[in-house]
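As the structure is a computational prediction, the values presented were derived from the model and not from experiment. Quick note: numbers below take in every heavy atom, side chains included, and nothing from hydrogens, waters or symmetry partners.
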Amino acid sequence: MQALPRDFYNRNTIQVAHELLGKFLVHHFNGEDRIGKIVEVEAYLGPQDLAAHTSKGLTPRTRAMFGPPGHAYVYLIYGMHHCMNVVTEPEGTGTAVLLRALEPVANLPVSASGPGRLCKAMGIDKGHYGHDLCSPTLFIADNPDPAPIRIVERPRIGVDYAGEWAAKPLRFYIEGSPYISRK
DNA sequence: AGGATGATATCC
DNA sequence: GATATCATCCTC
């Protein structure tokens, strides 16, 4: 299985979010491949998006999200859960896609539905902050046996503070998947 | 419905 | 230096 090229990420964030659905997230983790199929994501559209961390500007925390596409933006939320994003669009744009749920494919020890659980199941933590996804250890690959899917659009989860941005349909998931984090 | 638990931003 | 807040999850 081969990592998607950086050009895949260097495009419109909503388009990347759509195309990530059904792809495989792969982590080569002490001798085994942990693999999950991406079934749920959210798009974060940069500094003008009040729900995006980059709306706070360039800080040590948001450095990776303002960085070049195809890298991981990992952070700790509520003191106990890690969340993983993939950075999109050219360096400096501050856009990313949050990975919210996976369908287990191989070696996932616990449920990967929900951004915190996803990171726990894949073995992802702050050590992967800024990790290049065009690498052999942690990357996203094409689904070797893709099936047609329908995409559902909903408002994002947990961003009620973001004013009019909270209502925008920027959460995407595969219709009918039993592995999405909530209905 | 509420608590855990720590990094971060934003005040003084 | 103090405090409020948080792209969540588990337990009651």
Side-chain angles (χ1 to χ4, degrees), chain A residues 9 12-21 23 25 27 34 36-89 92-104 108-131 133 138 140 151-174 177-183:
Chain A
Y9 304 99
N12 175 274
T13 302
I14 291 174
Q15 184 171 1
V16 174
H18 274 77
E19 294 186 23
L20 280 173
L21 291 173
K23 295 236 179 322
L25 178 63
H27 188 198
R34 293 191 178 183
K37 186 174 86 171
I38 299 169
V39 298
E40 179 183 346
V41 299
E42 285 178 4
Y44 287 87
L45 300 186
Q48 78 277 15
D49 176 357
L50 279 324
H53 291 167
T54 45
S55 66
K56 298 297 179 187
L58 179 57
T59 67
R61 184 197 201 190
T62 59
R63 193 185 85 253
M65 191 163 160
F66 276 111
H71 290 249
Y73 167 52
V74 181
Y75 64 91
L76 186 65
I77 192 65
Y78 300 114
M80 37 174 71
H81 302 291
H82 294 276
C83 295
M84 175 181 173
N85 301 247
V86 300
V87 179
T88 58
E89 307 200 29
T93 311
T95 48
V97 176
L98 170 68
L99 305 183
R100 286 193 59 90
L102 305 177
E103 173 182 333
L108 295 195
V110 298
S111 162
S113 297
R117 293 189 188 124
L118 182 152
C119 285
K120 183 181 179 191
M122 289 296 289
I124 290 165
D125 60 27
K126 287 201 80 176
H128 297 89
Y129 182 88
H131 179 90
L133 296 172
L138 176 64
I140 296 168
I151 296 174
V152 180
E153 304 186 351
R154 290 288 182 273
R156 293 172 292 186
I157 302 292
V159 296
D160 292 344
Y161 60 88
E164 63 179 27
W165 284 89
K168 293 185 184 295
L170 294 174
R171 173 180 178 232
F172 310 111
Y173 60 85
I174 296 178
S177 171
Y179 297 98
I180 60 175
S181 59
R182 25 212 287 206
K183 284 284 186 190

### Task
Report yes if a donor N or O on one partner sits less than 3.5 Å from an acceptor N or O on the other, where the partners are the side chain of A:Tyr75 and the base of B:dA7; otherwise report no.
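Answer no: no donor N or O sits under 3.5 Å from an acceptor.
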### Message
To check you understand the geometry: which heavy-atom pair defines the closest contact between A:Pro115 and A:Leu98, and what is its length?
### Response
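The pair with the smallest heavy-atom distance is CB-CD1, 4.4 Å.
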### Which atom of A:Ala43 lies closest to which atom of A:Thr13, heavy atoms considered
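Scanning both residues, the minimum pair turns out to be CB-CG2, 4.1 Å.
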How many Å lie between [atom1] on [X] and [atom2] on [N], as a whole number?
X	N	atom1	atom2	answer
A:Leu118	C:dA7	CG	P	17 Å
A:Asp125	B:dG6	CG	P	15 Å
A:Arg171	C:dT8	CZ	C1'	14 Å
A:Ile77	B:dA7	CD1	C1'	9 Å
A:Ile157	C:dC9	CD1	P	10 Å
A:Leu50	C:dT5	CG	P	16 Å
A:Arg63	B:dA7	CZ	C1'	15 Å
A:Leu98	C:dA7	CG	C1'	6 Å

### Query
With a non-hydrogen cut-off below 4.0 angstrom, is A:Arg156 in contact with a base, only sugar-phosphate, or nothing?
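Here A:Arg156 touches no strand at all.
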### Query
Across the strands shown, which category fits A:Met65 at heavy-atom distances under 4.0 angstrom: base, sugar-phosphate, nothing?
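Since a base atom lies under 4.0 Å of A:Met65, the category is base.
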### Query
Below 4.5 Å, heavy atoms only, C-beta onward: do A:His27 and A:His128 meet side chain to side chain?
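They are in side-chain contact.
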### Task
Hey, which sits more toward the 5' end of DNA chain C by its nearest nucleotide, A:Lys120 or A:Tyr161?
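It is A:Tyr161, whose closest nucleotide lies nearer the 5' terminus.
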When you measure from the side-chain N and O atoms of [X] to the phosphate of [N], is any distance below 4.0 Å, counting only OP1 and OP2?
X	N	answer
A:Lys126	B:dT8	yes
A:Thr59	B:dA9	yes
A:Arg182	C:dC9	no

### Query
From B:dT8, C:dC9, C:dT8, pick the nucleotide closest to the side chain of A:Arg117?
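The answer is C:dC9, which lies nearest to the side chain.
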### Task
Output the single nucleotide from C:dA7, B:dG6, B:dT10 whose closest atom is nearest the side chain of A:Leu76.
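Selected nucleotide: B:dG6.
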### Query
Parallel, tilted or perpendicular: which fits the ring planes of A:Phe172 and A:His18, with parallel below 30° and perpendicular above 60°?
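It falls in the tilted class, 30° to 60°.
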### Query
Honestly, is A:Arg63 close enough over A:Tyr129, meaning NZ or CZ under 6.0 Å from the six-membered ring centre and within 45° of the axis?
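Verdict for A:Tyr129: no cation-pi partner in A:Arg63.
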### Query
With centres under 5.5 Å and planes under 30° as the test, does A:Tyr78 stack with B:dG6?
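The ring of A:Tyr78 is not stacked on B:dG6.
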### Query
Ignoring hydrogens and geometry, is there a side-chain-to-backbone donor-acceptor pair from A:Glu40 to A:Ser181 under 3.5 Å?
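Yes, the answer is positive, given that a donor and an acceptor are paired below the 3.5 Å cut-off.
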### Task
Give each stem of DNA chain C as a range with a range, requiring at least 3 consecutive Watson-Crick or G-U wobble pairs whose two distances are under 3.5 Å.
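Counting only runs of 3 or more consecutive pairs, the stems involving DNA chain C are B:1-4 with C:8-11, B:6-11 with C:1-6.
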### Task
Say whether A:Thr62 and A:Thr54, considering side chains only, have a donor N or O and an acceptor N or O under 3.5 Å apart.
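Result is no, nothing qualifies.
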### Task
From the options A:Lys168, A:Arg154, A:Arg100, select the one residue that forms a salt bridge (Lys or Arg N to Asp or Glu O under 4.0 Å) with A:Glu42.
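With A:Glu42 as partner, salt bridge (Lys or Arg N to Asp or Glu O under 4.0 Å) holds for just one option, A:Arg100.
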